[in-house]
Structures are given as structure tokens and as C-alpha cells.
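As C-alpha cells, the structure follows; a few thoughts come after it.
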Amino acid sequence: MKSGKIGALDCAYVKSDDSANVCYILSFAPLDDRWVSMAAECYGCSIVVVAGMDWDNDLTPWRAPGVPDGCKPFAGNAGQFLSKIRHEVISEAERSLGLSGIVERTLAGVSLSGLFAIWAWIQCDTFKNVVSISGSFWYENFTKWISDTAIPKKTGLAYISLGRKEPYSPVKAFRTVGDATTTVVDMLKRSGIQVVFNWEPGTHYAPLYPRLTNAMDAIFLGK
């Protein structure tokens with residue numbers, strides 16, 4: 001595994017020689033090297049783990065009140081962060097991986113980065129597939145936005161999962177995530193997008209690695 005900085009972001013790369021598939025995982029912390037290496041070999045795709053972003057601000061699509069109550073407001077800098085991913089991270093990562101020509105990309109996120117992944121996937125055609133694990137679809141006005149948006153036709157797969165205990169959070173805003181996720185799934189399906197939605201055992205994104213594995217199974221093995 002190679003690692004390095006792209007601006008302020010921490011990036012780790014594992015190359016697969018089997019294909020020109022690349023999975024970009026937006027993570028709150030570096031992922032376990034053994035899992036990343038295993039996944040690259042098992043699924044025949046290179047993996048780029050991106051961490052070190054301003055979690056509450058880079059991944060949120062517009063300004064909104066902080067959650068839980070008393071937290072700083074979300075800044076809504078996702079537009080700038082998506083531009084950085086598309087124009088800086090991808091070019092540098094794929095150069096480091098020795099990739100050129102046509103590359104098929106998957107964007108994966110967890111929690112707020114799962115929210116960002118769906119939002120970014122709708123915004124552009126950079127990524128064929130998208131993974132959202134415990135996506136923060138409770139975010140203020142997100143379900144309204146996705147209901148009001150003309151979602152473009154996509155040929156790839158949207159994989160979405162949620163922990164069964166998440167709608168029972170002690171934080172009131174988080175308790176809406178079950179209904180919000182169902183709305184997101186329904187809106188994507190109505191737009192003709194292939195969606196896999198799974199309820200998983202556990203709480204908010206935990207346990208993480210079984211959920212990442214299930215997502216990779218769906219995207220790359222069709223399971």
C-alpha cells in the first residue's frame with residue numbers, strides 16, 4: 001500500500017492489475033491496511049482511501065444548523081470539495097496507480113461522506129457506481145432536494161445500507177434517518193436507477209468492515 005498527501009488530504013492507494021476499476025472511499029480515518037489490500041485483490045479493483053477532510057463542512061451540500069443541538073452549523077462546502085476530488089485527487093491518485101485511458105470509478109462514503117457520495121453522484125458523471133453506508137440523509141432539506149431534483153439517468157449501481165438501530169438514536173434529528181433513507185431509495189428507483197438497499201445489524205456505521213464488504217460484493221460481484 002502506498003500513501004501520501006494530496007493537499008491536506010491523506011490518501012492511501014492499493015493497485016489491482018486486473019482491471020481499470022477504481023473505488024474511492026471517503027473515510028473519517030485511515031482504513032485497516034489488511035482489509036484494503038484484501039478487497040483490492042478479491043474484487044479486482046484498485047482502491048483509494050481518502051481521509052483528512054473537514055468532515056462536517058467539506059461533506060455537506062449547503063449550510064444547515066449543527067446536529068446535535070449546540071454543535072457548530074454545517075458550512076456546506078461540498079461543491080468545493082467535489083471539485084477538489086474531481087480535478088486534483090482523481091488525477092493524482094490515478095497517476096500514482098499508473099492508470100490511463102478509460103477508468104470506471106466507484107465513490108463510497110460512510111455517514112456524512114455517504115450523504116456526500118449520493119449528492120456528488122447525482123451532480124456529475126465522474127463515478128459510475130456509488131456506495132452510501134449509514135448516509136446522513138437526516139441532513140436538513142436533503143430529502144426535499146432529492147425529491148425536487150431531476151436525477152440524471154445512471155447506468156451504474158447505487159448501494160445503500162443502514163444499521164437497524166439507527167432510527168432509535170437518542171438524538172431526535174438522527175431518528176428520521178430510516179424514513180429519509182427510504183425516500184432517497186424510492187427517488188432513485190423512480191429515476192430508473194438500479195438500487196440495492198440493505199438493513200444491516202448494528203448501529204451507526206458499526207460494524208464497518210462487514211458493511212463495506214457487503215457493498216463491494218454488490219458492486220463488483222453482483223451479490
Side-chain angles (χ1 to χ4, degrees), residues 1-16 21-43 45-61 74-75 77-78 80-86 88-94 96-97 103 105-121 126-139 157-163 166 174 177 181 198 200 202-220:
M1 176 179 286
K2 296 170 58 178
S3 61
K5 288 275 192 180
I6 301 178
L9 298 173
D10 300 311
C11 298
Y13 320 92
V14 173
K15 183 178 181 180
S16 169
N21 289 329
V22 182
C23 182
Y24 289 85
I25 303 176
L26 306 178
S27 181
F28 45 84
L31 296 180
D32 182 81
D33 290 359
R34 292 167 298 177
W35 183 89
V36 176
S37 297
M38 175 279 297
E41 180 178 358
C42 178
Y43 300 109
C45 71
S46 297
I47 296 178
V48 180
V49 181
V50 182
M53 66 285 285
D54 184 340
W55 192 257
D56 287 348
N57 298 314
D58 285 344
L59 300 172
T60 46
F74 298 107
N77 294 333
Q80 298 96 304
F81 186 64
L82 177 57
S83 180
K84 182 181 294 185
I85 293 292
R86 294 179 69 195
E88 298 178 32
V89 172
I90 287 176
S91 59
E92 177 60 24
E94 293 176 9
S96 295
L97 291 167
V103 176
R105 304 180 184 94
T106 296
L107 180 63
V110 179
S111 189
L112 275 176
S113 70
L115 172 83
F116 173 87
I118 292 291
W119 175 85
W121 192 61
T126 303
F127 304 95
K128 181 177 181 181
N129 307 302
V130 67
V131 170
S132 177
I133 297 172
S134 295
S136 300
F137 301 135
W138 49 263
Y139 195 77
L157 176 69
Y159 179 90
I160 297 173
S161 66
L162 193 66
E166 293 192 60
F174 296 164
V177 73
T181 300
N198 283 330
E200 302 270 15
T203 57
H204 182 53
Y205 69 74
L208 175 59
Y209 290 103
R211 297 186 193 182
L212 281 170
T213 299
N214 289 342
M216 301 289 276
D217 282 349
I219 295 291
F220 297 106

Atom pairs and distances, donor-acceptor, side-chain atoms in residues 2-14, under 3.5 Å, two or more places apart:
residue: Lys2; atom: NZ; partner: Ser96; partner atom: O; Å: 3.2
residue: Lys5; atom: NZ; partner: Asp10; partner atom: OD1; Å: 2.7

We want to know whether Arg86 and Thr126 form a side-chain donor-acceptor pair, criterion being a heavy-atom distance below 3.5 angstrom.
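Yes, because at least one side-chain N or O of Arg86 sits under 3.5 Å from a partner of the opposite role on Thr126.
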Any side-chain heavy-atom pair of [X] and [Y] under 4.5 Å:
X	Y	result
Leu82	Phe116	yes
Trp119	Thr60	no
Ser37	Glu41	no
Val36	Ile25	no
Leu115	Pro61	yes
Cys42	Met216	no
Tyr209	Asp32	yes

Asn129: what forms a side-chain hydrogen bond (donor to acceptor under 3.5 Å, both in side chains) with it, not counting sequence neighbours?
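Listed in chain order: Thr106.
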side-chain hydrogen bond (donor to acceptor under 3.5 Å, both in side chains) with Asn77: which residues, sequence neighbours excluded?
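Expected list: none.
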Looking at Phe81, is its backbone amide N or carbonyl O close enough to the side chain of Asp58 to form a donor-acceptor pair, meaning the two atoms are under 3.5 Å apart?
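Side chain of Asp58 to backbone of Phe81: no pair is present.
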Looking at Gly135, is its backbone amide N or carbonyl O close enough to the side chain of Ser111 to form a donor-acceptor pair, meaning the two atoms are under 3.5 Å apart?
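Not confirmed, Ser111 side chain does not pair with Gly135 backbone.
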Over all heavy atoms of both residues, which pair between [X] and [Y] is shortest? Give the atoms and the distance, please.
X	Y	answer
Ala75	Asn57	N-OD1, 2.9 Å
Val89	Tyr24	CG1-CE2, 4.4 Å
Gly109	Ala117	N-CB, 4.2 Å
Ser46	Leu97	CB-CD1, 4.0 Å

As an exercise, state the distance from [atom1] of [X] to [atom2] of [Y], rounded to the nearest 0.5 Å.
X	Y	atom1	atom2	answer
Leu162	Tyr205	CG	OH	14.0 Å
Trp35	Leu212	CH2	CG	4.5 Å
Ser113	Leu107	OG	CG	8.0 Å
Arg211	Ser161	CZ	OG	6.0 Å
Lys84	Ile90	NZ	CD1	13.5 Å
Cys45	Arg105	SG	CZ	13.5 Å

Sort out for me which residue in Ile85, Val48, Val49 forms a side chain to side chain contact (heavy atoms under 4.5 Å, CB included) with Leu26.
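Considering Ile85, Val48, Val49, a side chain to side chain contact (heavy atoms under 4.5 Å, CB included) with Leu26 is found only for Ile85.
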Go through the steps to decide whether Phe28 and Leu112 satisfy the test side-chain contact (heavy atoms from CB on, under 4.5 Å), and finish with yes or no.
CA-CA 9 Å; Phe28 45 84; Leu112 275 176; over 6 Å; no
Decide if the gap between the ring center of Trp138 and the ring center of Phe174 is smaller than 6.0 angstrom.
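Judged by ring-centre distance (under 6.0 Å), Trp138 and Phe174 do meet the cut-off.
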Evaluate the side-chain contact (heavy atoms from CB on, under 4.5 Å) criterion for residues Tyr43 and Cys23: first the C-alpha distance (whole Å), next the side-chain angles of each, then the deciding distance (0.1 Å), finally the verdict.
CA-CA 10 Å; Tyr43 300 109; Cys23 182; over 6 Å; no
Go through it in stages, so that I can follow the logic: the residues are Ser132 and Trp121, the test is side-chain contact (heavy atoms from CB on, under 4.5 Å), and I'd like the CA-CA distance, side-chain angles, deciding distance and then a yes or no.
CA-CA 11 Å; Ser132 177; Trp121 192 61; over 6 Å; no
Please assess Leu31 against Ile47 for the test side-chain contact (heavy atoms from CB on, under 4.5 Å), listing each intermediate value before the final yes or no.
CA-CA 11 Å; Leu31 296 180; Ile47 296 178; over 6 Å; no
